[in-house]
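We number each residue from 1, following the sequence as shown.
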Amino acid sequence: MQKVLKKYFPVFAGPTLIAFFIAFLAPFVIGVYLSFSKFTTVTDASFEGVDNYIKAMTERQRFGQALFFTVLVTVVAIITVNLCAFGLAYLLTRKLKGTNFFRTVFFMPNLIGGIVLGYTWQVMINAILAKYGTTLIADYRYGFVGLILLMNWQMIGYMMIIYIAGLQNVPPELVEAATLDGAGRGQVLRHVTLPMIMPSITICLFLTLANSFKTYDANLALTAGAPRHQTEMLALNIVDTFYGRMGQEGVGQAKAVIFFLIVAVIALGQLYVTRRKEVEQ
């Protein structure tokens, strides 16, 4: 069987590897080169060294401000999304009526695009704030809260499904044994349930971290960075630099490379830490 698999491996894996090279690897390598170049199109690029990276870090580029706001939103979103998703999953794995209906309802927002969600939440929040004579973009704090609400609304249902899968795989005999030994619900949850669903926790933390960091469409539709770019996240800052400023394409590309490195390092660090917990358990 192994010989047959090795023989036909190129046939089945070849198209995927070719697509990966064309759609990801080649553009990534070209993008890294362009981050060291001055260009308006790919064909007129001229090597400039690290000038783009130096310019990207200046205060005028607002990269540091966008990074701080992105980290703040990501940290709060990771905590709120995962706590709410786990809480819902825990309730919906109990013997309650209509659990399948509620699972479907909570998952549905994940199917809606970020642009649609952004404009929808913008209208709803502005309708509430209008009673107090203000708007969503009058204060960055409103935009921050709006982004958190939107991201929770969008991601909780998806993470809930992952947590439900993990909870359903917890061996009932372990819970029963812990209960017979006198453990309460809180102790069972802490010492039995959570260690057993660490793979689900690893996946959910990774997805919420990556998706929160990369948020663009929801940020664009909800606040577009207003007021005064105070609610501008990194992805929006990069796109604005690349497409909104003439002659800044190289700086925008340098920001994109830095952005990739930041997300990759943080995500890999998170995976390393949480997977160690899985091994220990």
Side-chain angles (χ1 to χ4, degrees), residues 24 27-28 30-37 39 50-82 113-115 117-119 121-122 136-137 139-155 204-271:
F24 178 79
F28 177 76
I30 295 171
V32 172
Y33 169 73
L34 291 176
S35 70
F36 292 98
S37 306
F39 68 96
V50 296
D51 287 352
N52 290 332
Y53 288 90
I54 295 173
K55 291 177 183 177
M57 293 295 104
T58 60
E59 186 176 347
R60 180 173 172 269
Q61 295 292 335
R62 307 188 308 272
F63 188 80
Q65 176 183 317
L67 175 60
F68 174 78
F69 185 73
T70 302
V71 171
L72 183 63
V73 170
T74 299
V75 170
V76 177
I78 288 174
I79 295 171
T80 54
V81 167
N82 283 281
I115 292 289
L117 280 178
Y119 284 121
W121 276 91
Q122 183 190 77
L136 184 66
I137 60 174
D139 191 314
Y140 80 94
R141 289 174 292 186
Y142 301 150
F144 172 76
V145 173
L147 278 169
I148 296 300
L149 290 173
L150 189 158
M151 293 166 77
N152 273 264
W153 179 257
Q154 185 177 33
M155 290 193 287
C204 288
L205 288 177
F206 176 80
L207 290 175
T208 49
L209 189 154
N211 290 338
S212 299
F213 250 105
K214 296 186 297 181
T215 298
Y216 168 73
D217 48 1
N219 188 201
L220 176 66
L222 189 69
T223 66
R228 298 182 300 279
H229 305 287
Q230 290 178 314
T231 60
E232 183 180 67
M233 298 181 73
L234 276 177
L236 183 60
N237 177 266
I238 292 168
V239 172
D240 179 65
T241 303
F242 197 95
Y243 294 103
R245 306 180 196 175
M246 195 66 178
Q248 297 288 302
E249 291 85 358
V251 178
Q253 191 62 47
K255 287 183 178 182
V257 173
I258 297 171
F259 181 43
F260 168 79
L261 293 174
I262 290 172
V263 175
V265 169
I266 294 176
L268 290 174
Q270 175 260 310
L271 286 174

* ring-ring contact (aromatic ring centres under 6.0 Å, His included) against Tyr53, all qualifying residues, sequence neighbours excluded ->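 Tyr53: ring-ring contact (aromatic ring centres under 6.0 Å, His included) contacts with Phe36.
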
- [ ] Sequence neighbours left out, what passes ring-ring contact (aromatic ring centres under 6.0 Å, His included) with Phe206? Give chain and number order.
- [x]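 None.
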
**Request:** Can you tell me which residue pairs pass the ring-ring contact (aromatic ring centres under 6.0 Å, His included) test with a partner in residues 210-231, sequence neighbours excluded?
**Result:**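 Counting only pairs at least two positions apart or across chains, no ring-ring contact (aromatic ring centres under 6.0 Å, His included) contact touches residues 210-231.
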
| Pairs satisfying side-chain hydrogen bond (donor to acceptor under 3.5 Å, both in side chains), at least one member in residues 250-261, at least two apart |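 Of all non-adjacent pairs touching residues 250-261, those that pass side-chain hydrogen bond (donor to acceptor under 3.5 Å, both in side chains) are Gln61-Lys255, Asn237-Lys255, Thr241-Lys255.
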
Going by the rule salt bridge (charged side-chain N to carboxylate O under 4.0 Å, His left out), which residues pair with Arg245 if we only count those two or more places apart in sequence or in a different chain?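 Salt bridge (charged side-chain N to carboxylate O under 4.0 Å, His left out) list for Arg245, sorted by chain: Asp240.
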
Can you list everything that forms a side chain to side chain donor-acceptor pair (under 3.5 Å) with [X]? Sequence neighbours excluded, please.
{"X": "Thr208", "result": "Asn82"}
{"X": "Thr80", "result": "Asn152"}
{"X": "Thr231", "result": "Thr223"}
{"X": "Gln270", "result": "Thr274"}

Partner set under side-chain contact (heavy atoms from CB on, under 4.5 Å) for [X], not counting sequence neighbours:
{"X": "Gln230", "answer": "Gln65, Tyr140, Pro227, Arg228"}
{"X": "Asp139", "answer": "Arg141, Tyr142"}
{"X": "Trp153", "answer": "Pro109, Leu117, Trp121"}

Give the intermediate values and the outcome of side chain to side chain contact (heavy atoms under 4.5 Å, CB included) for residues Phe63 and Leu234.
-> CA-CA 7 Å; Phe63 188 80; Leu234 276 177; 3.5 Å; yes

